[in-house]
Amino acid sequence: MSAESRKILVQYWGYSSFRPMQEDIIDSVLQKKDTLALLPTGGGKSICFQVPALMMDGTCLVITPLIALMKDQVDGLRKLGIQARAIYTGMHPNEIESVYNNCLNGKTKFLYVSPERLENEAFIHVISRIKINLITVDEAHCISQWGYDFRPPYLRIAAIRKLIPGIPVLAVTATATEDVVEDIMSKLLFKERNLKKVSFERKNLSYQLRKTSDKTGHLLQMMKKEPGSAIIYVRNRRKTKEISDILNLNKINSTYYHAGLDSKTRETRQHDWTIGRARVIVSTNAFGMGIDKPDVRQVIHIDLPDCIESYFQEAGRAGRDLKPAIATLLYNDGDIVNAKKRQKESFPTLDKIRNIYNALGNYFNVPVGSGKDAGYDFDITDFSQNYNFQVLEVYSAIKFLEREGYIQYIESAGQFSRLYIPLNKEELYKHIVENPASQRILQEILRSYSGVFNDYVNINETQLAKRAEIDLKFAVDRLTYLDKNKVISYIPIKTKPQLVYGFERQAAEQIQFSKENYDFLKNNSEKRLQAFLDLISNSLQCRSQLLLAYFGELKSKRCGICDVCLEKNKVDLNDIEFESIVTLIQEKLEQRARGLFELVNDTKSYNEDDVIAVIRWLLDNKKIIRHKDGILSWHKQLDLSFD
């Protein structure tokens with residue numbers, strides 16, 4: 001099979017060879033084995049299911065929660081001449097029906113769906129009637145309650161498997177601990193354990209954790225010191241513009257990106273950064289999925305991520321070309337306090353979640369028992385003010401309701417308008433002859449958009465009106481008229497975030513949440529944040545080793561290039577000697593403070609020069625405090641644990 005898979009790789013993607021582990025994963029899938037592929041960010045996960053699916057008859061079903069990534073991959077496959085389509089929450093019913101028809105007619109090689117679609121009766125009916133060759137579960141950690149982004153609809157995949165027996169599952173993820181790995185294979189009903197894993201180690205990536213009270217000054221210093229492309233992550237949208245403006249004022253070419261921008265702006269800014277027109281992009285975590293820019297030299301976090309998984313994935317977008325790159329996290333004591341506060345606030349009480357759900361129904365005027373699959377423009381700030389809720393508790397309640405499948409919040413505003421012609425060409429030409437008022441716009445549609453008779457295409461009304469030499473308002477009115485008369489199917493652009501009901505609206509008292517499940521998710525969230533705070537507080541161990549150990553790689557070597565290793569390199573000792581002396585010094589100083597001579601004497605089992613070198617290192621790195629009288633004591637760290 002290797003020769004054929006390489007032929008597909010060259011034919012469609014132009015690569016002469018596979019990345020590490022890709023070929024093993026592909027061979028496993030072609031042997032009809034259930035497979036879990038654990039590949040780090042940028043490891044080429046999509047190739048692992050796209051290549052074998054192209055080698056088999058039928059349609060590859062791809063389940064992913066990331067709508068933006070779904071659209072990017074569908075567009076990318078279509079540009080290669082591969083038939084790919086997607087169904088996700090918020091699509092117009094006519095679009096969904098068109099996708100189903102194309103699947104039933106054998107015109108779809110890849111069908112991307114969001115996990116919520118697995119609970120839809122029409123989808124189940126279609127899936128049972130088409131030939132599926134592979135089920136791909138992207139972001140597979142979402143199936144595990146141990147994971148950092150658990151989504152209950154993923155649990156439906158097991159039921160889907162029973163409808164199409166004998167079809168292998170390929171589960172892929174970039175971040176999974178050992179517990180999550182086992183849970184994924186169990187929940188997906190693997191016949192046997194089959195893990196294909198690439199080490200998460202990034203030998204070219206230097207992890208730098210810097211405690212500073214002047215983040216802006218530190219940022220500017222880093223940007224001027226280290227040339228090349230960069231991503232800067234912040235937590236809120238307002239901050240993206242603020243930081244970008246500061247960089248531009250300091251002659252560092254920058255742009256900013258977040259989910260609240262319209263699609264054209266997001267696309268333009270991403271393109272400008274990708275081709276190097278903008279050196280830096282400042283973004284919320286909305287940016288990065290599906291981005292494969294290899295020459296990013298720096299990823300900088302100005303705010304703390306919520307967990308190691310998020311940090312590792314975002315930091316891993318630096319240095320994919322395997323050349324030296326830096327991932328820097330800037331933090332201070334206030335960040336740690338705020339992170340603990342934010343974590344607690346991200347779990348409103350179950351009663352509060354019910355109240356918010358009920359208020360949403362009133363806000364949209366949705367009667368109890370209706371609203372399923374309906375989408376509504378949603379301004380979270382306006383809603384919060386109207387009902388006297390805090391924005392964070394509303395957002396957190398919505399995310400919890402999403403996990404339970406009640407609603408879905410689509411933050412990314414500004415999709416393209418979409419258009420499809422259900423008539424055949426003869427019927428359309430007849431309409432043009434009989435309705436001359438529609439002639440110019442219909443002729444321009446035919447000239448501008450290929451494939452419009454086969455499927456929905458993205459359109460731009462402003463460009464369409466300009467090409468047809470007609471007024472924009474007239475163009476939109478004419479498109480609306482043609483849609484009403486079923487000459488075309490026209491779906492106007494959505495410019496605001498959408499809230500979509502997964503089920504009919506329930507009465508507040510009928511909303512059932514499992515307190516056990518809620519407590520489990522809350523406790524896991526606390527543990528993940530605690531693990532991240534432990535990483536921050538530990539400045540004695542190699543950052544890379546700590547990160548790899550979190551993901552189960554316990555035998556990795558010291559990286560030699562992180563902030564901790566660079567400091568250790570100044571002391572001419574091997575790791576075992578260094579750690580042993582540090583441990584002994586810590587034990588002595590935690591018993592009581594000591595003078596330098598006494599401390600050296602108390603550690604006389606080691607070479608005196610080595611002990612003094614380690615003490616100097618501990619002083620430089622603020623692990624030991626020298627008091628005015630010369631007495632040394634072990635530095636008590638800020639309490640990073642939960643109360």
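This one's a predicted model, so the numbers in the text were calculated from it and none came from an experiment.
- By the side chain to side chain contact (heavy atoms under 4.5 Å, CB included) test, L521 is found to be paired with F150, F347, F400, R403, N517, residues two or more places apart in sequence or in another chain being considered.
- Between the side chains of K187 and S144, no donor-acceptor pair is found at a separation under 3.5 Å.
- Between F312 and F551, the angle of the ring planes lies from 30° to 60°, which puts this pair in the tilted group.
- Classification of D563 and R543 as a salt-bridged pair holds, one side-chain N sitting under 4.0 Å from a carboxylate O.
- For the atom pair CD1 of I252 and CG of L219, the computed distance is 7.0 Å after rounding to the nearest 0.5 Å.
- Remark: Y395 pairs with no residue by the ring pair (Phe, Tyr, Trp, His ring centres under 6.0 Å) rule, at least two apart or across chains.
- Checked against ring pair (Phe, Tyr, Trp, His ring centres under 6.0 Å), F532 has the following partners two or more places apart in sequence or in another chain: Y311.
- Atom CD of E314 sits about 9.0 Å away from atom OG of S283, to the nearest 0.5 Å.
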Criterion side chain to side chain contact (heavy atoms under 4.5 Å, CB included) on F200 and L38, from CA distance to verdict
CA-CA 9 Å; F200 283 180; L38 196 55; 3.8 Å; yes

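- Annotation: side chain of R528 is in contact with side chain of Y550 (closest heavy-atom distance under 4.5 Å).
- Remark: the backbone N or O of L540 is paired with a side-chain donor or acceptor of K568 at under 3.5 angstrom.
- Under the rule for a salt bridge (Lys or Arg N to Asp or Glu O under 4.0 Å), the partners of D519 that lie at least two apart in sequence or sit in another chain are K515.
- Shown here are the side chain to side chain contact (heavy atoms under 4.5 Å, CB included) partners of E267, two or more places apart in sequence or in another chain: F416.
- Partners of R156 under the salt bridge (Lys or Arg N to Asp or Glu O under 4.0 Å) rule, at least two apart in sequence or in another chain, do not exist in this structure.
- For S244 and S254, the side-chain atoms include at least one donor-acceptor pair closer than 3.5 Å.
- Looking at heavy atoms from C-beta onward, L330 lies out of side-chain contact with H301 at the 4.5 angstrom threshold.
- In terms of the side chain to side chain contact (heavy atoms under 4.5 Å, CB included) criterion, residue partners of N386 (sequence neighbours excluded) are, by chain and number, Y363, D382.
- Judged by distance alone, with hydrogens and angles left aside, the side-chain atoms of S206 form a donor-acceptor pair with the main-chain N or O of I561 at under 3.5 Å.
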Quick one, E226 with M222, criterion side chain to side chain contact (heavy atoms under 4.5 Å, CB included). Give me CA distance, side-chain angles, the key distance, then yes/no.
CA-CA 6 Å; E226 300 289 341; M222 286 190 300; 5.6 Å; no

What's the verdict on ring pair (Phe, Tyr, Trp, His ring centres under 6.0 Å) for F378 and F364, showing C-alpha distance, side-chain angles and the deciding distance?
CA-CA 9 Å; F378 184 52; F364 297 125; 5.8 Å; yes

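- Of the possible donor and acceptor atoms, one in the side chain of D335 sits under 3.5 Å from a partner among the backbone N and O of N332.
- Taking CG of D138 as the start and CE of M70 as the end, the distance is 9.0 Å to the nearest 0.5 Å.
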Test side-chain hydrogen bond (donor to acceptor under 3.5 Å, both in side chains) applied to E242 and Y256, step by step
CA-CA 9 Å; E242 288 177 357; Y256 65 95; over 6 Å; no

Evaluate side chain to side chain contact (heavy atoms under 4.5 Å, CB included) for K293 paired with W273, printing each intermediate quantity in order.
CA-CA 9 Å; K293 182 173 167 61; W273 175 76; 3.4 Å; yes

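- Under the 4.5 Å side-chain criterion, counting only non-hydrogen atoms from C-beta, L261 is in contact with H258.
- Between the side chains of Q298 and T328, no donor N or O sits under 3.5 Å from an acceptor N or O.
- The main-chain N or O of L329 is never found under 3.5 Å from a side-chain atom of R210 such that the two would form a donor-acceptor pair.
- Using a 4.5 Å cut-off on side-chain heavy atoms (C-beta onward), Y233 and D303 make no contact.
- A tilted orientation is assigned to the rings of F383 and Y387, their planes being inclined by 30° to 60°.
- Checked against side-chain hydrogen bond (donor to acceptor under 3.5 Å, both in side chains), T212 has no partners two or more places apart in sequence or in another chain.
- R558 is linked by a salt bridge (Lys or Arg N to Asp or Glu O under 4.0 Å) to D575, counting only residues two or more places apart in sequence or in another chain.
- Shown here are the salt bridge (Lys or Arg N to Asp or Glu O under 4.0 Å) partners of D272, two or more places apart in sequence or in another chain: R277.
- Residues satisfying the side-chain hydrogen bond (donor to acceptor under 3.5 Å, both in side chains) criterion with E345, sequence neighbours excluded, are K341.
- Without hydrogens or angle criteria, S186 side chain to E182 main chain gives no donor-acceptor distance under 3.5 Å.
- The side-chain hydrogen bond (donor to acceptor under 3.5 Å, both in side chains) check on R235 picks up D306, with sequence neighbours excluded.
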